[in-house]
Structure formats: C-alpha cells, structure tokens
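Taking it in order: structure first as structure tokens, then the write-up.
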Amino acid sequence: MIDIRLIRDQPDLVKDAARKKGMKVDIDQVLAVDARRRALETEFNELRSRQNAAGEKMAKASKEQREAIKAEMTPIKARLAEIDAEKQQVDESLRQLMLLVPQIPDAAAPIGASDAENVEVRRVGTPRRKDEFGFPFKDHVELGTRLGIIDMDRGVKLAGSRNYVLKGAGAMLHEAVLRLAWDMMIERGFVPMTVPVLVLDKLMEGTGYFPLGRDQAYLCERDGQSLVGTAEVPVTGYHMDEILREDELPKLYCARSTCFRREAGAGGKDTYGLYRIHLFDKIEQVVICKAEAAESARWHQAIIKNATDLLDALELPYRLLEVCTGDMGQGKVRMFDIETWMPSRNAYGETHSASSFHDFQSRRLNLKYRDAGGKIHVCHTLNNTVVASPRILIPLLELNQQADGSIRIPESLRAYMGNRCDIR
RNA sequence: GGAGAGAUGGCCGAGCGGCUCAAGGCGCCGGUCUUGAAAACCGGUGAUGGGGCGACUCAUCCGUGGGUUCGAAUCCCACUCUCUCCGCCA
C-alpha cells in the first residue's frame, strides 16, 4: 500500500511505477473512487453534525419540540443510511484497488521487464564447473542417494511431487546450516523468535503476499488462515497495529520457519532435485526502521552482508544481483538477489533475496512509530534470507564432493555435525 | 470439547440510553517551588479521515459486525479473542 495522497498528487509517478513493474492497475479508477469516497464522507459528516446537534437539543426539549425535531431528522436519517451503504461499498472497492497499487521503485533500480535484465553487481569466489573436479562429477541427488542422506522417491511417495526426505547426515547437515545461521544472527544483535507459520489472511495481505500472490500459498480457508512461504510474514507482522517509539528502532529480528510454497505456475520448471520444492526451512532476517531512505538503504546493505558473510563461512562462490523493476514484485523499492554457484545447473542459482519495501508493508500492516517530537510516521521494513535449506545443500554437497563420493564438511559446520569432517 | 466470567484511551479502572465532546488514578510532557533532584501543587497529554495557508474546525473510533432508537460505550443478536474450572492431549 502506498499513501493515497501520493496518487492524488502525482498520479503519473504511480502510473510510471506500474509500467516499470509490468503491472496492470487502473490509477484513474483509483482516483475516481477516491473522489467519490471523499464526497460521500463530506456529506455524511455534514448530516451527522446536524444530527448530533439535534440530539443535544432533544435532551432538554419539551414534548412538542421533540416531535418537531424527530420529524426534521427523519429525512436526514434516511439519507445517512443511504450514504452509509454506498460508502461501505466505495470503501471496500477502494481498498481492493489500493491493494493492487505498486510501491514506487527506487530511481537507482535497473529498469527491465524480466529476470533477464537483472544486473550483476559482483562475484565472489571461483565457480567450479562439472568438468573441473578432476573426477566424474555427481550431482546432489546422486551423491545424496548413494550416501543414503537424500531420498527423493520416498518424499514423493509421502507427499507428491516436489517433496523429499533427508535422513542421517543429510538431516544433520540441513540442521547444521540453519544452526550456523541462527547463531551468527544472534551474535550480530538480531533477536531470535519462533513464530506461527499458519497465519491469518490479513497478515498475508499486510506483508503483500495477498491478493496477488495468493495462488502461491497453501490456504486453510475454513479457518481464514494460510501457511506462510517465509517467516517474513509473521515477523514483519509482529508489530502490526502498533505505534512504536523511535528510540526502540531499529527492530532487528530473525526467525526460523518452515516455508510452504505451492510453486503454482512453475509448471515443469526445476523439477529435479532439491531446488524447487514445496517445503523447506529458512532463517529469515527482518528489519523495521525509521522512515528515512538513507537509513533503509544502510540496513539493506547490512542484511546483504549478513547473508554473504554466511556464504563466505560456508566457502561457497556466489554473485550479487540487483533485481530489475519488472522482476522485483509489487511492494519493493529495491531488491537484490544472491545466487550461489551450483555445478549441476552449470549456473548460479538463487539462494537469497534481500528486499527493501520502505512503507509499503507498514501501511498495510498499520505499523508506525512516534518520533521524539510526538509526530507519527509509517515505519520502513526490509528482509533477507540468512539461509534456506535444503536448497543451499545443492552447492554445499556438490562443491564439497570428493573422488570417492564422500562429502567434505566445511569447517564452520563441523561443530554442528558432531565434529565430523566428512560424510561417507 | 463442556460450564462460567470478561473485552473501555500508553496502563489500571468507573460509566450500563441524552450534563460523557469517556470520571478518577498511574504514566508521560510543561510549569511553580528547590542549590540540584525528589515530593507537593498547577496545566497539558489518543488515533484515523474530511475541510482550511493557518490559529482551527467537522466527523468517526469504548473487541468486530449487524440491529433497536430522534439519540448507543450503555439495550438486542451474531462472531472473535482473553481468563477461570472440567475433559482430552505433545
């Protein structure tokens, strides 16, 4: 949600944003409905004012006067009922329209139509191609299956396509990367939380996943709840409907959650292995900060660094991409993806996504703060993956494979793996 | 799942059809007093939307949504949530 006053004052700016993001939204319709809403409100307020005045007189009126006032109020009452009915409809349709309006992308964000136009910022580490291992390369599925730590077939047997089972050292490695990330974030001052993963729809709407991303979520419609695709939803929504004090900002949170994604529309894309799956676990970092672009931008860099530091600790090669307007999504001002090198794909694959929303989520969530002078502002929010597993196991297993099919465990993970140095 | 109680401003809490434009207290802010602080005393202190350059002004908000009424925090209905007891249970 953006400030409706911005649409009133600079409709072209908003139309331009929609164009850059490749979104269809009728801004003129928004303006028309908004104008109607205000007209109704003005009339309503006027009549209500008269009704209130009549009510005061009524309290100390004689019997005859009362009858006169009643008669006078009858048509006003009827008109108020009419206005109220129309206003409810208009309010709701305005709300629905506003939920579709995009956030204005940052001027620095590359303009483009799809992920093909994302811009590489930098590469860190040296990618190794399949033929550079000095022995026959095996992908993560083959490695994991041979070692008995990944079981794709039984995952599908239990839960259908895009499901899997990790066992033994595979389950341990999954847990190890999450623990490493968890401990690192706590050390950096982020407050760890456990949060609900089945949340009310208004939280999905508040964080911007509904209505446009509704088909990506598993719905529990009977209960008005949905399974989250990321802990970002409950963590960012944690302070919903609150007015925080400026001196308690920024709020730095991290949470682990299981993430549920329908992957609707993915069709037959990425059906192989642990890449695109319906369920995974993730440590997510969320920042709620003051409504200042520079402050937001600083935190954006900080949460990106948290993620790249983790990848460095895992000894994985990656690249940082700035996501273009057409690929960044409705709510975002600016967005960076981190892609980690995955030899089996012979490419970098997305493992992290760092987004800055400015006030987009906070407006939907009614999340504000009061500054020292008592003035109220809408917060800014940001989030980024710290680590998502098992996707991260793809490069971790593939890049650490050894000639005999065993897996070397990076040093940073060994403490979480019973001090083992390898999986064999 | 069964029975009962409750939901009021940042917090506690009164109000149970029209002097409530929500009492009182706490907290917070400002002032007086004081060497300074505390205490005491005085004053102020919500959100949202509309209108106005502005001092302002109008409306809405007492869990949510309906209803009764000239008028609802107050009466009626439904729902949600919280607490207590019982049952079940990781």
OP1 or OP2 of B:U69 versus the side-chain N and O atoms of A:Lys70: is any pair under 4.0 Å? no

Mind running a 4.0 Å heavy-atom check of residues 237-249 of chain A against RNA chain B and sending the residues that fall below it, in number order? none

Atom pairs, protein N/O to nucleotides 71-78 of chain B N/O, distance under 3.5 Å:
| residue | atom | partner | partner atom | Å |
| --- | --- | --- | --- | --- |
| B:G71 | OP2 | A:Lys77 | NZ | 3.4 |

Taking the C1' atom of each, how far is B:G30 from B:C85, in whole Å? 50 Å

Within 6.0 angstrom of A:Arg154 CZ, more than 12 heavy atoms from elsewhere: no

Of all pairs that satisfy salt bridge (Lys or Arg N to Asp or Glu O under 4.0 Å), the ones with a partner from residues 350-362 of chain A, not counting sequence neighbours: A:Asp359-A:Arg363

Taking side-chain hydrogen bond (donor to acceptor under 3.5 Å, both in side chains) as the definition, give me every residue that meets it alongside A:Arg262, ordered by chain and number, with sequence neighbours left out. none

Pairs involving residues 238-259 of chain A, ordered by first then second residue, that meet ring pair (Phe, Tyr, Trp, His ring centres under 6.0 Å) (sequence neighbours left out): A:Tyr238-A:Tyr253, A:His239-A:Tyr253

If you assign each of A:Met73 and A:Asp34 to its closest nucleotide in RNA chain B, which residue comes earlier from the 5' end? A:Asp34

Find the distance A:Glu41:CD to B:G50:P and express it as a whole number of Å. 7 Å

First locate atom CZ of A:Arg424, then atom CZ of A:Arg408, and finally report the distance between them rounded to the nearest 0.5 Å. 13.0 Å

By the ring pair (Phe, Tyr, Trp, His ring centres under 6.0 Å) test, which pairs, at least two apart or in different chains, include something from residues 149-185 of chain A? none

Counting only heavy atoms not in A:Glu248, do more than 12 fall under 6.0 Å of its CD? yes

Using whole Å, report how far NZ of A:Lys57 lies from C1' of B:C21. 18 Å

Per-nucleotide pairing state of RNA chain B [Watson-Crick or G-U, under 3.5 Å; [ ] pseudoknot-crossing; | other strand]: ((((((((.[[[..)..(.....]]]((((((.......))))))((((((....)))))).[[[[[..)....]]]]])))))))....

Which part of the nucleic acid does A:Ile376 contact within heavy-atom distance under 4.0 Å: base, sugar-phosphate only, or nothing? sugar-phosphate

Quantified in whole Å, what is the C1' atom distance between nucleotide B:C11 and nucleotide B:C62? 16 Å

For A:His140, what residues pass the ring pair (Phe, Tyr, Trp, His ring centres under 6.0 Å) criterion, not counting sequence neighbours? none

Return whichever of A:Gln88 or A:Arg38 has its heavy-atom-nearest nucleotide of RNA chain B closer to the 5' end. A:Arg38

Integer angstrom distance from the C1' of B:U64 to that of B:U84: 24 Å

With a 4.0 Å cut-off on heavy atoms, is A:Lys368 in touch with a base, just the backbone sugar-phosphate, or nothing at all? sugar-phosphate

Would you say A:Arg50 places a side-chain N or O within less than 4.0 Å of OP1 or OP2 belonging to B:C58? no

Whole angstroms only, please: what is the CG-P distance between A:Leu80 and B:U69? 15 Å

Quantified in whole Å, what is the C1' atom distance between nucleotide B:C88 and nucleotide B:A23? 46 Å

With A:Arg188 as the cation and A:Phe190 as the aromatic partner, state whether NZ or CZ is under 6.0 Å from the six-membered ring centre and within 45° of the axis. no

So does A:Ser49 get a side-chain nitrogen or oxygen closer than 4.0 Å to the phosphate oxygens (OP1/OP2) of B:A59? yes

So, using ring pair (Phe, Tyr, Trp, His ring centres under 6.0 Å) as the criterion, who are the partners of A:His377 when residues are at least two apart? A:Tyr369

How many whole angstroms separate atom CG of A:Asp223 from atom C1' of B:C81? 15 Å

Measure from CZ on A:Arg5 to C1' on B:U48 and round the result to the nearest Å. 10 Å

Distance check, C1' atoms only: B:G2 and B:A73, in whole angstrom units. 32 Å

Please give, in whole Å, the distance from B:U60 C1' to A:Glu46 CD? 16 Å

Whole-Å P distance, B:C61 and B:U80: 24 Å

Rounding to the closest angstrom, what is the interatomic distance between B:C12 and B:A7 at atom C1'? 14 Å

To the side chain of A:Arg370, which of B:C70, B:G46, B:G66 is closest? B:G46

To the nearest angstrom, the CZ-P distance between A:Phe44 and B:G51 comes to 16 Å

So, A:Gln330 side chain and A:Val101 main chain: donor-acceptor pair closer than 3.5 Å or not? yes

Starting the side chain at C-beta, find the nucleotide from B:C58, B:U60, B:G51 nearest to A:Asn52. B:U60

Ring pair (Phe, Tyr, Trp, His ring centres under 6.0 Å) filter on A:Tyr348, not counting sequence neighbours, yields A:Trp341

Which residue pairs pass the salt bridge (Lys or Arg N to Asp or Glu O under 4.0 Å) test with at least one member in residues 370-391 of chain A, sequence neighbours excluded? none

Mind jotting down which residue pairs meet the ring pair (Phe, Tyr, Trp, His ring centres under 6.0 Å) criterion with at least one end in residues 291-316 of chain A? Sequence neighbours excluded, please. A:His300-A:Phe336

Between P on B:U48 and CG on A:Asp3, what's the gap in Å once rounded to a whole number? 12 Å

What nucleic acid atoms does A:Arg8 come within less than 4.0 Å of, heavy atoms only: base, sugar-phosphate, or nothing? sugar-phosphate

With rounding to whole Å, what would you report as the distance between B:A38 and B:U32 at their C1' atoms? 15 Å

